[in-house]
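Below is one structure; the comments refer to it alone.
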Amino acid sequence: MARMATETERPGSRTGGVSRANVSSPSSWGLGDGAAIPWEYAPAPESRDVVTIKDRYGLFIGGKDVAASDGQTFITINPATEEPLAQVARATAADMDKAVRAARTAFRKSWGSMAGRERAKYLFRIARILQERSREFAVLESMDSGKPIKESRDVDVPLAAAHFWYYAGWADKLEYAFPGRVAKPLGVAAQIIPWNFPLLMLAWKVAPALAAGNTVVLKPASTTPLSALLFADVCRQADLPPGVVNIVPGPGEVGMALVTNPGVDKVAFTGSTDIGKKIAKGVAGTNKALTLELGGKAANIVFDDAPLDQAVEGIVNGIYFNQGEVCCAGSRLLAQESIVEPLIEKLKDRLATIRVGDPLDKNTDVGAINSRQQLEKITELVEAGKAEGADFYQPACDLPDRGYFFRPTLFTNVAQSHRIAKEEIFGPVLSVLTFRTPDEAVEKANNTPYGLSAGIWTDKGSRILHMVKRMKAGVVWANTFNRFDPTSPFGGYKESGFGREGGMHGLHAYVRLEDR
Ligand code: NDP
């Protein structure tokens, strides 16, 4: 068993960890308690050479690379090393206006009236180029965001391409998607995306918008602009007409200037609930369509008849995937009281095998937290969890000397009133609560202002159906977690937002339906 972290070890601190070679083995490996693992993983770094990062990036407006109107730039850094990666033009409100005009011109002159089968060709081309350049995108995404290369390589980039493939298929079939109605594009879509899945969130938003005939102005998050700017290069390579896609990195206030720009017809936002509410106010009283994909505090419910080893994998995937920086993360584990002890034993054994470190190492499971600010937020909430009396556990592991890293963390004996049970931590921190009956599980799972996702682990199909009907969550996974597919709608209830992305529902969010 890995040892308990002591009080002298600050969560996320670099002291007190032991090297993997010294960690004693979990009993479940059959080596016997206390037997040392006699080997260490060799480093398996992905090469940085597959991507050329420019020193400076401009805004991508009207198909051109342009400087900000006031010439200002900002620096994006690698959160795993704290080294600067590039200087990026910092858009102003005037630049947002310029981008909206470029998008409007492209909508009027070409894209809005182009036959669906022609639009489809561009989307297919973009999908193919994303696949051809997938290693380049994966390495860049891991460097700019801190996520492990095995996730950017196997999840983010392939899923981004899959969204373009999927929506390319709909571009010439809108009359089948909405039978008996005529689907018209809305016009110019303003899209604001977060830093946890930069390329994937771009694809979730850009692909359905373009398939339906809209043009786009997209603002990436300030800590992760680079994959969106590389996507600008893909648009050029695909010969997309200028102005159909515009990429304008800039600070939050400038994002609000985009939202309130009168030339915008549709706003799509993914990010925090606080900013989502501001955006809702910003579009109130206008005719703009709005979709909001906001935070979450998902319950992952494990019943006593669940296959525990599988459930442990699902729990780990649910909360430690992408450092827990996932809106639908299974951050509250609800374990049936009769199995909580063996479940936590198995979970602690599994945590001892999680590798935290260099995002570009192919063996890394948990990479760097996206920013210092986010690391501070996680640390603050973990301290609150300890102060409120929950039992704190971290596996022993070394952290790199530089960069924003945080050990996988587990809190047991958590009460519903604790901040770590209520607030979105957006980090690798799991809070464990217990329940006795299905009704109690439902009540506790729904006891949150959020309603984005949930998970259920049980052997009984009837129990899955019973639970799913009662859960106030947009997505409920059964005996799995964090599964995404472009054909499947995703979105929330309550403070997790409204509207759906993915599938035909995601297409619906970008069209106006008229009678024939
Ligand atoms: P934000 O909601 O601030 O950021 C998301 C996007 O919104 C970014 O592009 C950001 O730009 C932009 N933005 C910020 N302020 C405004 C504004 N006033 N008007 C328009 N756009 C704006 O999230 P944070 O990065 O601050 O993260 C804070 C917390 O939010 C996290 O700890 C997490 O709990 C939650 N979160 C949830 C996400 C989700 O997927 N549901 C994703 C990200 C965060 P910029 O980057 O320039 O600030």
Side-chain angles (χ1 to χ4, degrees), residues 72 74-77 79 88-93 96 144-147 190-198 200-202 204-205 217-228 247-261 264 267-283 290-298 321-329 331 369-382 404 406 419-420 422-429 449-453 474-475 482 484 490-492 494-499 501:
Q72 295 288 307
F74 66 95
I75 291 174
T76 181
I77 67 161
V88 177
R90 186 178 190 273
T92 62
M96 287 298 177
D144 205 20
S145 72
K147 65 173 66 211
Q191 306 182 325
I192 300 182
I193 56 171
W195 40 261
N196 52 345
F197 293 92
L200 186 57
M201 290 302 101
L202 175 151
W204 278 27
K205 291 190 166 38
V217 179
L218 178 128
K219 191 200 94 59
S222 293
T223 55
T224 53
L226 294 186
S227 56
I247 313 267
V248 276
E253 317 85 78
V254 170
M256 191 49 86
L258 173 62
V259 167
T260 54
N261 189 298
V264 163
V267 177
F269 172 77
T270 299
S272 62
T273 297
D274 285 352
I275 301 296
K277 286 178 181 172
K278 287 188 184 163
I279 287 177
K281 282 187 192 150
V283 304
L290 176 64
T291 40
L292 295 175
E293 202 266 274
L294 310 175
K297 192 72 190 175
F321 170 66
N322 202 41
Q323 299 72 246
E325 296 167 323
V326 184
C327 48
C328 52
S331 51
I369 301 300
N370 183 258
S371 64
R372 181 182 296 279
Q373 190 190 13
Q374 188 60 26
L375 182 62
E376 284 168 0
K377 178 183 168 187
I378 297 167
T379 307
E380 194 252 319
L381 276 161
V382 165
Y404 312 135
F406 200 88
R419 284 182 69 197
I420 53 170
K422 293 192 297 191
E423 295 180 31
E424 184 178 47
I425 301 175
F426 229 60
V429 182
Y450 296 112
L452 192 55
S453 63
V475 179
N482 273 342
F484 304 100
F490 183 91
K494 302 191 283 185
E495 296 217 352
S496 293
F498 50 78
E501 294 185 307

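If you're wondering where the values come from, they're calculated on a predicted model, not measured in any experiment. When a ligand or atom number is given, it counts from 1 through the structure's own listing order. Computed from heavy atoms alone, side chains included, the values below leave out hydrogens, waters and symmetry copies.
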What do the steps show when you test Thr224 against Asn370 for side chain to side chain donor-acceptor pair (under 3.5 Å), and what is the final call? CA-CA 9 Å; Thr224 53; Asn370 183 258; 5.3 Å; no
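- In this structure, Glu424 CD and Leu381 CG are separated by 10.5 Å, a value rounded to the nearest 0.5 Å.
- Remark: aromatic rings of Phe490 and Trp204 are close, center separation under 6.0 Å.
- Separation of atoms CD (Glu423) and NZ (Lys297) is listed at 8.0 Å; rounding is to 0.5 Å.
- Minimum interatomic distance between Gly324 and Ala329 (heavy atoms only, all atoms of both residues): O-CB, 4.1 Å.
- Nearest heavy atoms, Pro198 versus Lys147: CD-CE, 4.5 Å.
- For ligand 1, the 4.0 Å heavy-atom shell contains residues Ile192, Ile193, Pro194, Trp195, Asn196, Lys219, Pro220, Ala221, Ser222, Gly250, Pro251, Gly252, Gly255, Met256, Phe269, Thr270, Gly271, Ser272, Ile275, Ile279, Leu294, Gly295, Cys327, Gln374, Lys377, Glu424, Phe426.
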